[in-house]
Structure formats: C-alpha cells, structure tokens
Amino acid sequence: MQRRKFLGLGAGIFAVAATAPSMLMAENYRKALPKVWKIKNDEKSKGEDLTGVNAAIKAVFGSDKVEEGKIMLKAPEIAENGAVVPVSFKAEGAKKIALLQSADPEALVAIFDVPERGIPDYSVRIKMQQTGHVVVVAEIDGKLYKAEKKVKVTVGGCGG
Amino acid sequence: MRIKAKLKGDKTEVKVMMKHPMLSYRQAKKKGKEANFIVYVTAKNEGATVFEVSTSQFLSKNPYMKFYFKGGKKGEEVEITWVDLKGNTKTGKAKIK
C-alpha cells in the first residue's frame, strides 16, 4: 500500500517535470531539431536553387505552405563583403521566425522564438559565401508567411 | 561581450556584440582547426526570458544582434547568455539606460 502510494506520487512528479520545461523554458533548436541544420543547399546553382531552403522550412515548421506578406525584410542588394551581411526583419505577431539563405552549404541560419515580452523585430549579421536569396519565414496566428530578397555578393564570406 | 540596453518609450532596445570566431566547418577545415560557433543565445530581464535564438555557423564573426522587448525599466539588468557548439558558455550583463 505504501509502496503503491509512493509510486503514484513519483509518477505525478515525473509528469510535471516532463511537461514543465517545454512550457516554461526556452527551446534550443540545436538540440530539439538537430537534423534541420544539416539540410544542404545546391551550391552549384549559384544561390538560385531554393530546394534546400524549402526543405528546411518544412523541417522547422512542419509545413512549407507559405504566404507572402506580413514580414518586413531588409537586406542589402549588393554586399561587398559576404562575411558581414546585415539583415533585419520585423514580423508583428510572430511566435517563431526562421532565417535562411541559399548561398551557403546549409540552408538554415537561425530560429528565433519570440517570448511573451519579446518583440519580433530583429537585426543580425550573417555570412554568405556567394550570391543567394535571404529568406525569412514567420509563424503568425498559426499561418506561415515568407519574405525573400536576393543579395549579390561580390566577395564571398565563407572562404575565411 | 558588449551589451547596450536603452529604454525607448514602452520598449527596451538591446544591442549586443558577442566575441566569438564563429568558425564554420569550411573555414575550420582551411585553418586546420575545429569548427565552433555560437548555437544558442538567450536574454533575460529581471528573470524573464525576453529574447531567444538558435543559431548556426553562418552568423558573422563576433556576432552582432539587435532586438527589442516590451517593458524594462531604467536601472534594471539585461543578462545575455550564449552557448557554443563545444558547450562553452558566457554570460554578460548591462543596465538599462
């Protein structure tokens, strides 16, 4: 009897411990989705092939049905230095935003989770080894939206 | 890590520069080193997470980020922590101005 009680209690605690992190704690997508970071771009397409980008979108969001709009994306038309390409984007109401590109060996650059007090308005600097498309996908009210911009890179940024 | 946090109306603007070589697999191979880059960054304001991003080798060297969060008061702390591929971690703090 006592043992049974103890086991029941144990299971209860375990259930709480198992569900709590996903609700309270942040998500490290390097650990949660290890495979999505390895989805390759076709480098021979010179940044024009978005197959890898689309596959990564599907792997991150579970769908690749995207609509245009709702995202403001800023990236330079021509980047003289591919090692430092400033990219900024806003997506009001977004809960999750993925930043991708078609220029580097793999498609995914970053996944942003927007916490309750977070504002989906971000600026980062990325590397692009050749000309390619920068793609931002945001999940807003359960729907996926996309913005895309082509960046011409004159000196690649992945050669080091 | 250099952090600047500034109150702008009802939101706080944070600019952060993290010191890290961000060696991609290709760069590392050329240099005969092991790839290593920041993979995860979070920011907290008085205990609440206000920014969170999982990152890759394609962020620039010494990654710079700018973000905003709701609320925040002058004098409160913003605490930013990063983790890299090898599990190294660093935390920096700044007061909201």
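The sequence lines fix the lettering, A, B, ..., with proteins before strands; numbering per chain opens at 1.
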| Among B:Tyr68, B:Phe69, B:Phe67, B:Phe51, which residue meets the ring pair (Phe, Tyr, Trp, His ring centres under 6.0 Å) test with A:Tyr122? | B:Phe51
| message | Please classify the contact between A:Glu116 and chain B as side chain, backbone, both or neither, with a heavy-atom cut-off of under 4.5 Å. | response | backbone
| said: Quick check on B:Lys44: does its NZ atom have over 12 non-hydrogen neighbours (other residues, nucleotides or ligands) under 6.0 Å away? | reply: no
| query | Is atom NZ of A:Lys149 surrounded by more than 12 heavy atoms (other residues, nucleotides or ligands) closer than 6.0 Å? | reply | yes
| note | Correct closest heavy-atom pair for B:Ala48 and A:Arg117 would be CB-NH1, 3.8 Å
| message | Would you say NZ of B:Lys86 has more than 12 non-hydrogen atoms from neighbouring residues, nucleotides or ligands within 6.0 angstrom? | response | yes
| request: Could you state whether B:Val41 and B:Leu85 fall into the same hydrophobic cluster, counting links through intermediate Ile, Leu, Val, Met, Phe, Trp or Tyr residues with side-chain heavy atoms under 4.5 angstrom apart? | output: yes
| query | Would the number of heavy atoms belonging to other residues, nucleotides or ligands and lying under 6.0 Å from CD of B:Glu46 be above 12? | reply | yes
| said: Do A:Leu99 and A:Val36 sit in one hydrophobic cluster, given that two such residues count as connected whenever their side-chain heavy atoms are within less than 4.5 Å of each other, even indirectly? | reply: no
| Are more than 12 heavy atoms from other residues, nucleotides or ligands located less than 6.0 Å from atom CD of A:Glu48? | yes
| request: Please name the pair of heavy atoms, one in B:Ser54 and one in A:Trp37, separated by the smallest distance, quoted to 0.1 Å. | output: O-CH2, 3.4 Å
| Closest approach of A:Pro115 to B:Val50 (non-hydrogen atoms, all atoms of both residues) | CG-C, 3.5 Å
| task | Would you give the length of the straight line joining atom OG1 of B:Thr55 to atom CD1 of A:Ile126, rounded to the nearest 0.5 angstrom? | result | 12.5 Å
| Distance-only, no hydrogens or angles: does the A:Lys127 side chain make a donor-acceptor pair with backbone N or O of B:Gln57 under 3.5 Å? | yes
| query | Does B:Phe58 share a hydrophobic cluster with A:Val124, counting links as ILVMFWY side-chain heavy atoms below 4.5 Å and allowing steps through other members? | reply | yes
| request: Assess A:Arg125 against B:Tyr64: is NZ or CZ under 6.0 Å from the centre of the six-membered ring, and within 45 degrees of the ring's axis? | output: yes
| field | Point-to-point distance, once rounded to the nearest 0.5 Å, from OG of B:Ser56 to CD1 of A:Ile111 | value | 9.5 Å
| said: Is A:Val87 in contact with chain B via its backbone, its side chain, both, or neither, using a 4.5 Å heavy-atom distance? | reply: neither
| field | Atom of A:Val85, atom of B:Ser60 and distance for their closest heavy-atom approach | value | N-OG, 4.3 Å
| said: Hydrophobic cluster membership, with links at side-chain heavy-atom distances under 4.5 Å among I/L/V/M/F/W/Y: are A:Leu73 and B:Val53 in one? | reply: yes
| message | If I take atom CG from residue A:Asp121 and atom NZ from residue B:Lys66, how far apart are they, to the nearest 0.5 angstrom? | response | 7.0 Å
| query | What distance separates A:Asp104 CG from B:Tyr25 OH, expressed to the nearest 0.5 Å? | reply | 14.0 Å
| remark: One should read off an interatomic distance between A:Arg30 CZ and B:Asp84 CG, to the nearest 0.5 angstrom, of 10.5 Å
